[in-house]
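In what follows, a single structure is set out as structure tokens and then discussed.
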Amino acid sequence: MIQATFPSYRPRRRRNTPGLLALTRETRLAADQLVYPLFIRPKDTFRKEIGSMPNQFQWGYADAERMVGDAIKLGVRSFLLFGIPDHKDAEGSSAWDSEGVIPTVLRRLRRAFGSEILLITDECFCEYTSHGHCGLIQKKGERVVLENDKTVANLASQCVVHAQAGADIVAPSGMLDGMVAGIRSGLDHAGLEDIPILAYSAKYASAFYGPFREAAESPPQFGDRTSYQMDPANRLEALTEVAQDISQGADFVMVKPALAYLDIIREVKNAFPVPVAAYNVSGEYAMLKAAAQNGWIDEKRAILETLGSIHRAGADILITYHALEAAPWIKGG
Ligand code: PBG
């Protein structure tokens with residue numbers, strides 16, 4: 001690299017005016033890249049704030065519809081849907097009920113907004129099982145281990161039902177081995193070969209999911225998720241997980257959480273030629289909101305800096321609870 005040096009080169013020359021700063025900015029985030037998570041309850045009118053996530057809500061169908069209309073006006077049109085069913089059992093069987101909460105809201109939003117919106121469905125069982133784990137349990141006791149292959153078969157059924165009800169993208173989040181291959185073959189056999197898969201490929205066993213478990217009413221009733229989600233200390237393992245998912249047919253991959261894993265986002269971006277998503281998770285949102293509510297940080301700047309850093313690290317798609325507040329600030333990139 002050729003680089004002049006001081007005094008002929010003065011880096012600050014380029015920072016002297018807003019015009020120069022704007023002209024030389026290296027990365028820009030656009031509202032199109034944001035995905036807003038929605039928690040849906042099988043009710044018509046319902047809107048309940050989530051205690052640990054100020055200004056985030058669980059929505060009934062009619063309220064969700066109104067909210068999506070408002071989001072579109074703000075410049076957000078991609079949504080990640082989570083269902084909170086009334087019925088839970090050991091298998092999570094309401095997850096593949098075609099009259100269940102997610103198929104119902106998919107049909108309703110599609111009818112109201114057509115192709116103006118992009119609907120992504122989180123594909124997992126923790127919200128649907130009585131024990132709160134992400135699939136069928138094989139072994140309880142000290143370590144909870146999932147029954148992998150049977151859960152993958154259920155996952156494929158869930159994805160087919162969601163795609164038939166109008167999902168644009170299915171996003172499996174259970175960290176099951178072979179989940180992408182199982183889903184791809186399930187979708188293809190059902191004639192849904194055009195439905196892409198966004199795989200939560202490198203999903204860590206993180207403390208930052210705490211508030212989500214309140215939002216989705218999905219905490220594990222015993223044990224933890226360390227036998228299926230990744231150890232936060234691992235880096236190479238994330239690359240092998242991503243490689244596995246791409247070879248099984250993943251169209252996009254995800255790193256989750258985002259902030260404590262910016263290095264992983266960058267490595268995945270450098271190593272693989274597919275769009276990379278990052279999930280700016282509930283605990284990351286809650287920390288920032290708590291500090292802002294106490295007047296300890298400048299909220300708008302902190303949000304923009306946070307989202308900008310995730311994008312700069314290599315994320316093309318950002319799933320974030322800040323989407324609605326941030327979109328008007330960054331519109332157009
Ligand atoms: C699992 C799922 C989780 C999140 C998204 N999908 C929770 C978990 O793995 O325990 C977390 C999202 C967040 O914290 O914002 N269905």
Side-chain angles (χ1 to χ4, degrees), residues 34-40 50-58 79-85 88 92 94-96 100-102 120-129 131-137 144 146 151-152 154-155 158-159 162 167 169-176 179 183 197-232 241 253-261 277-290 306-307 310 315 317-324:
L34 304 179
V35 177
Y36 187 54
L38 291 180
F39 301 102
I40 309 294
I50 299 151
S52 50
M53 300 176 73
N55 214 24
Q56 301 299 320
F57 300 85
Q58 295 180 345
F79 303 90
L80 176 63
L81 302 175
F82 294 94
I84 309 162
K88 300 194 188 215
S94 62
W96 58 88
V101 51
I102 291 297
I120 309 170
T121 44
D122 181 87
E123 304 292 347
C124 192
F125 299 106
C126 59
E127 301 97 334
Y128 298 88
T129 52
H131 44 70
H133 283 284
C134 302
L136 293 165
I137 290 180
V144 173
L146 295 183
T151 304
V152 168
N154 290 347
L155 196 58
Q158 183 186 28
C159 290
H162 289 172
I169 299 175
V170 294
S173 70
M175 288 300 281
L176 294 151
M179 67 181 183
I183 291 169
I197 300 172
L198 163 58
Y200 285 67
S201 301
K203 177 174 177 181
Y204 287 87
S206 171
F208 294 102
Y209 305 149
F212 172 92
R213 293 178 185 171
E214 180 196 339
E217 299 180 14
S218 63
Q221 299 301 308
F222 46 82
D224 61 28
R225 305 211 203 286
T226 55
S227 80
Y228 43 104
Q229 299 180 347
M230 282 179 51
D231 180 344
E241 285 277 6
V253 295
M254 193 194 299
V255 175
K256 176 184 173 186
L259 294 181
Y261 302 89
Y279 200 140
N280 176 213
V281 300
S282 58
E284 298 169 345
Y285 176 85
M287 285 195 300
L288 205 149
K289 286 286 160 183
T306 297
L307 299 181
I310 299 168
I317 301 164
L318 274 76
I319 301 168
T320 178
Y321 303 98
H322 296 293
L324 300 191

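One-based numbering, in listed order, for ligands and for the atoms of each. The structure presented is a predicted model; accordingly, all values stated were derived computationally and were not measured.
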His133 and Asp224 have their tightest heavy-atom pair at CE1-O, 3.4 Å
Side-chain touch Leu38/Leu80, heavy atoms, less than 4.5 angstrom: no
Residues lining ligand 1 [heavy-atom distance under 4.0 Å, listed by chain and residue number]: Phe82, Asp122, Cys124, Cys126, Glu127, Ser173, Lys203, Phe208, Tyr209, Phe212, Arg213, Arg225, Gln229, Lys256, Tyr279, Val281, Ser282, Tyr321
Give the ring-plane orientation class for Phe82 versus Phe212, where under 30° counts as parallel, over 60° as perpendicular and anything between as tilted. perpendicular
Do Ser227 side-chain atoms and Val144 backbone N/O form a donor-acceptor pair below 3.5 Å? yes
Strictly under 6.0 Å, is that where the ring centroids of Tyr204 and Tyr261 end up? yes
Tell me whether the rings of Tyr36 and Phe79 are parallel (<30°), tilted (30 to 60°) or perpendicular (>60°). perpendicular
